[in-house]
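Predicted model, so just to flag it, every value in this text is computed and none were measured. Chain A is the first sequence line, chain B the second, and so forth, proteins listed ahead of strands; every chain is numbered from 1. Excluded from the calculations below are hydrogen atoms, water molecules and symmetry mates; all remaining heavy atoms, backbone and side chain alike, are included.
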Protein chains: 2
Amino acid sequence: MVRAVIDPRSGVPLYRQLAALLRARIVDGTWAPGHPLPAEPDLAAEYGLGKDTVRDALSELRAEGLIETRRGHRTRVREQVEPQLVRLRRGERVAARMPSPAERAEYDLPDGVPMLVVGDQVYPADRYVLVI
Amino acid sequence: MVRAVIDPRSGVPLYRQLAALLRARIVDGTWAPGHPLPAEPDLAAEYGLGKDTVRDALSELRAEGLIETRRGHRTRVREQVEPQLVRLRRGERVAARMPSPAERAEYDLPDGVPMLVVGDQVYPADRYVLVI
DNA sequence: GTATATTTGTACGTATGTATA
DNA sequence: TTATACATACGTACAAATATA
């Protein structure tokens with residue numbers, strides 16, 4: 001019996017169904033950080049989907065910060081780095097937002113990485129944690 | 001003399017050039033929060049671009065948290081809400097990351113809104129600021 | 001209240017470019 | 001050099017949600 005992992009009649013967009021399948025393998029550890037995902041044409045062939053549908057699924061995972069895609073490279077599960085601690089002082093306020101293009105270039109940030117904002121200072125959230 | 005705002009020979013992807021044009025109008029206040037952007041077909045016609053190129057540009061601005069798109073509605077500059085203050089306690093650590101699909105559904109979050117993480121607690125960054 | 005038009009979303013296709021292996 | 005992989009950019013068609021006449 002073939003298990004239909006992607007169901008066109010479910011009402012859920014195909015790219016979201018594919019994203020859910022891939023996300024599950026990342027969050028449950030089947031694909032550890034650094035592990036390569038199947039190439040886009042392979043995913044399209046395996047699930048009988050068009051190229052754009054596969055790319056939409058990967059785009060969603062990239063925006064969630066789960067994967068990293070680079071031209072010429074295989075798509076991989078994003079690696080985690082040991083966060084650097086930054087001590088906060090009394091009265092300071094902490095916000096978070098997505099980086100501007102200038103900040104993304106300055107810190108070489110992939111998609112899906114927010115910035116921690118403390119006053120005038122900004123810290124890429126993939127490498128900093130604030131402590132009181 | 002016509003000023004060529006989008007230059008196919010510049011080497012910069014067309015969708016990024018369009019995103020930069022639209023972003024400039026948002027960050028300089030020409031288009032205030034809540035202001036509608038031109039409809040996608042209008043942007044395509046105005047700049048002589050294909051539909052996908054326009055959508056790629058809007059997707060980038062959406063991921064930055066600058067705009068909000070909804071089917072059937074006009075795309076608009078994202079509204080800001082007065083942030084609610086949450087007081088931190090000594091020893092607590094603050095991180096930020098993108099929300100999971102479950103968190104996005106729970107808080108009805110648009111694209112481009114990170115989560116502030118304090119221990120087991122999570123706070124949508126578009127409506128919370130942490131204070132020491 | 002219904003029908004129509006508008007608007008964004010989904011899904012497919014093709015071709016070519018750029019970076020890397 | 002050649003092949004592989006992701007990126008950009010064009011096209012089409014239809015679906016779904018909303019706004020308008």
Let me know the distance between [atom1] of [X] and [atom2] of [N], rounded to the nearest Å.
X: B/Glu40; N: C/dT10; atom1: CD; atom2: C1'; answer: 12 Å
X: A/Asp52; N: C/dG13; atom1: CG; atom2: P; answer: 9 Å
X: A/Asp56; N: C/dT10; atom1: CG; atom2: P; answer: 7 Å
X: B/Arg74; N: C/dG9; atom1: CZ; atom2: C1'; answer: 17 Å
X: B/Arg71; N: C/dT8; atom1: CZ; atom2: C1'; answer: 7 Å
X: B/Arg76; N: C/dT7; atom1: CZ; atom2: C1'; answer: 12 Å

Reported [atom1]-to-[atom2] distance for the pair [X] and [Y], which is rounded to 0.5 angstrom:
X: A/Leu58; Y: A/Ile67; atom1: CG; atom2: CD1; value: 4.5 Å
X: B/Leu49; Y: B/Leu18; atom1: CG; atom2: CG; value: 6.0 Å
X: B/Leu130; Y: A/Leu116; atom1: CG; atom2: CG; value: 9.0 Å

With sequence neighbours left out, what residues match [X] under salt bridge (charged side-chain N to carboxylate O under 4.0 Å, His left out)?
X: A/Glu68; value: none
X: B/Asp111; value: B/Arg62, B/Arg104
X: A/Arg89; value: A/Glu92

Taking both distances under 3.5 Å as the test for a Watson-Crick or G-U pair, what stems of at least three pairs does DNA chain C have? C:2-21 with D:2-21

Enumerate the residue pairs fulfilling salt bridge (Lys or Arg N to Asp or Glu O under 4.0 Å) with a member in residues 69-78 of chain A, sequence neighbours excluded, ordered by first and then second residue.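 Residue pairs passing salt bridge (Lys or Arg N to Asp or Glu O under 4.0 Å), neighbours aside: none found.
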
Restricting to pairs with a member in residues 37-49 of chain B, which pass salt bridge (Lys or Arg N to Asp or Glu O under 4.0 Å), not counting sequence neighbours? B/Glu40-B/Arg55

According to the side chain to side chain donor-acceptor pair (under 3.5 Å) rule, which pairs have a member within residues 25-35 of chain B, sequence neighbours left out? B/Arg25-B/Tyr47, B/Asp28-B/Thr30

Taking the nucleotide of DNA chain D with the closest heavy atom to each, which residue, B/Lys51 or B/Gly48, is nearer the 5' end?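 Final value for this comparison: B/Gly48.
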
In chain order, what residues pass the side-chain contact (heavy atoms from CB on, under 4.5 Å) check against B/Ala19, with sequence neighbours excluded?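 side-chain contact (heavy atoms from CB on, under 4.5 Å) check on B/Ala19 returns B/Arg23, B/Ala57, B/Glu60, B/Leu61.
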
Using the side-chain contact (heavy atoms from CB on, under 4.5 Å) criterion, which residues pair with A/Met115? Sequence neighbours excluded.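 A/Met115: side-chain contact (heavy atoms from CB on, under 4.5 Å) contacts with A/Arg97, A/Pro99, A/Glu103, A/Tyr107, A/Leu109, A/Val122, A/Pro124.
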
Donor-acceptor under 3.5 Å (A/Arg87 side chain, A/Ile132 main chain): yes

Residues in contact with DNA chain D, drawn from residues 17-27 of chain A - heavy-atom cutoff 4.0 Å: none

Would you indicate what A/Gly72 reaches in the nucleic acid, counting non-hydrogen atoms under 4.0 angstrom: base, sugar-phosphate, or nothing?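 Since a base atom lies under 4.0 Å of A/Gly72, the category is base.
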
Closest non-hydrogen atom pair between A/Glu64 and B/Pro101, with its separation: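 Closest approach of A/Glu64 to B/Pro101, heavy atoms only: OE2-CG, 3.9 Å.
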
Assess, by modelled atom type and distance only, whether the side chains of A/Ser10 and A/Gln17 contain a donor and an acceptor separated by less than 3.5 Å. yes

When you measure from every atom of DNA chain C, which of residues 57-70 of chain B have a heavy atom less than 4.0 Å away? B/Arg62, B/Thr69, B/Arg70

By nearest nucleotide on DNA chain C, pick out whichever of A/Pro13 and B/Leu37 is the more 5' one. B/Leu37

Chain B contact limits on DNA chain D, taken 5' to 3' with a cut-off of 4.0 angstrom to heavy atoms: D/dT8 to D/dA19

